[in-house]
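Have a look at the structure below, then the notes.
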Number of protein chains: 2
Amino acid sequence: MEMHQLRYFAAVARTGNFSRAARECRVAQPSLSQQILKLEDEVGERLFERTQRQALLTPAGSLFLPHALSILEAAERGRQEIREMGGQVRGKILLGALPTIAPYFLPDIIRSFRTKYPGVELIIMRRPRNNSFVV
Amino acid sequence: MEMHQLRYFAAVARTGNFSRAARECRVAQPSLSQQILKLEDEVGERLFERTQRQALLTPAGSLFLPHALSILEAAERGRQEIREMGGQVRGKILLGALPTIAPYFLPDIIRSFRTKYPGVELIIMRRPRNNSFVV
DNA sequence: TAATATTACGTATTACGTAAAGATT
DNA sequence: AATCTTTACGTAATACGTAATATTA
């Protein structure tokens, strides 16, 4: 049971159609079909009733769907929470740097750091224990 | 974010040690390490603080852990429910078969079917609309 | 030195896409 | 004929294990 298999499964359940699901998942339709078959093989039951018109959830499929959705949701929320946490890191960092070479590599580093941790106050020092200034 | 990465992540979180986690997951330790690094790369944050003694969850890791666990649990429960459902399919099936050839291929089919669906009553007919008997 | 995690790299697995074949309306 | 799914098969991506390289107690 792999993540992408669950994505494909959910898409087929939602659209009721392998081809449409494949388009939504941006994958070739036979590839999606293979992965659905593989998932069905692993759980030991057919998940869809394939008719010409549409792919309908079997009883096993209906039973499995909420679990698949909760997995996909948990994954998304996990990602989201960590992403949001980026902005919640707070504090101060005192950073010593040699004025002669700092301009060559510090700007890029500082820019990416401040994007990732806007809550952190960066303090760059020309030399230790003296003349600090906030960037 | 792949299923096995979440398994590895949960194992490291539980054992506090990459090597022990790798043994539990029956995978080489460098392979597990790679997958953890890959997961960290995807979510954009370190999930563990690596010290010599142990691997401790970072704030991001602590935030992510419950989601990972809920994913693994949902996967297990999905599998389990489908497995249990096998015994819940009920009904009757009327099956026509030619007595001359049925003995050669029916027994295996019937045996596996009854194992999978013990709640289904199989009725085999010697010839249509007459002399049915329950196997 | 011992115990740990990471990097390097070759191998084996596997998900993919294209093409062809079935199946059904 | 048209629409949809599965099968076949070669290719590309990737997870794996072994070995080597840090890193720190």
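All of these numbers come straight from a predicted model, not from anything done at the bench. Each chain gets a letter, A, B and so on, in the order the sequences are listed, and its residues count up from 1.
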> So does A:Glu24 pair up with A:Arg14, basic N to acidic O under 4.0 Å?
Replying inline: yes
> Which of the following nucleotides, D:dT23, D:dT7, D:dT18, is nearest to the side chain of B:Ala28?
Replying inline: D:dT18
> B:Arg7 has an atom CZ; how far is it from atom C1' of D:dC16, in whole Å?
Replying inline: 14 Å
>> Can you measure B:Leu37 atom CG to D:dA15 atom P for me and round it to whole angstrom units?
In response: 13 Å
> Does B:Glu76 come within less than 4.0 Å of B:Arg7, counting only side-chain N to carboxylate O?
Replying inline: no
> A:Gln34 side chain: which of D:dA8, D:dT23, D:dT5 is closest?
Replying inline: D:dA8
>> Tell me the interatomic distance from A:Glu40, atom CD, to D:dT7, atom P, rounded to whole angstroms.
In response: 11 Å
>> Reading DNA chain C in the 5' to 3' direction, which nucleotide is the first one with an atom under 4.0 Å from a heavy atom of chain B, and which is the last?
In response: C:dT4 to C:dC9
> Looking across every strand, which nucleic acid part, if any, lies under 4.0 Å from A:Phe48 by heavy atom: base, sugar-phosphate, or nothing?
Replying inline: nothing
> Which whole-number value in Å describes the distance from A:Leu47 CG to D:dT6 C1'?
Replying inline: 16 Å
> Is it true that A:Glu42 and B:Arg79 have a side-chain N and a carboxylate O under 4.0 angstrom from each other?
Replying inline: yes
> Any Lys/Arg nitrogen of B:Arg50 or B:Glu40 sitting under 4.0 Å from an Asp/Glu carboxylate oxygen of the other?
Replying inline: yes
> What does A:Ser31 touch in the nucleic acid at a heavy-atom separation under 4.0 angstrom: a base, only the sugar-phosphate, or nothing?
Replying inline: base
>> Is the phosphate of D:dC4 approached by A:Arg53 (side-chain N or O, under 4.0 Å from OP1 or OP2)?
In response: no
>> What is the separation between atom CD on B:Gln5 and atom P on D:dT14, rounded to the nearest whole Å?
In response: 11 Å
> Does some side-chain heavy atom of A:Leu57 sit less than 4.5 Å from a side-chain heavy atom of A:Phe64?
Replying inline: no
> Taking atom P of D:dT14 as reference, at what distance in whole Å does atom CD of A:Glu2 sit?
Replying inline: 13 Å
> Under 4.0 angstrom, heavy atoms only, what part of the nucleic acid is B:Gln35 near: base, sugar-phosphate, or nothing?
Replying inline: sugar-phosphate
> Any side-chain heavy-atom pair from B:Leu69 and B:Leu65 closer than 4.5 angstrom?
Replying inline: yes
> For A:Ser19 and D:dT5, is the shortest distance between a side-chain N/O and OP1 or OP2 below 4.0 Å?
Replying inline: yes
>> Closest-nucleotide mapping onto DNA chain C: is A:Gln52 or A:His4 further toward the 5' terminus? I mean the 5' end.
In response: A:His4
> When the nearest nucleotide of DNA chain D is assigned to A:Ile36 and to B:Arg26 on a heavy-atom basis, which residue is associated with the more 5' position?
Replying inline: A:Ile36
> CD of B:Gln29 versus C1' of D:dT23: gap in Å, rounded?
Replying inline: 13 Å
> Whole-Å distance between D:dC4 P and A:Leu32 CG?
Replying inline: 14 Å
>> If you compare all heavy atoms of B:Leu72 against all heavy atoms of B:Ala10, which two are closest, and at what distance to 0.1 Å?
In response: CD1-CB, 3.9 Å
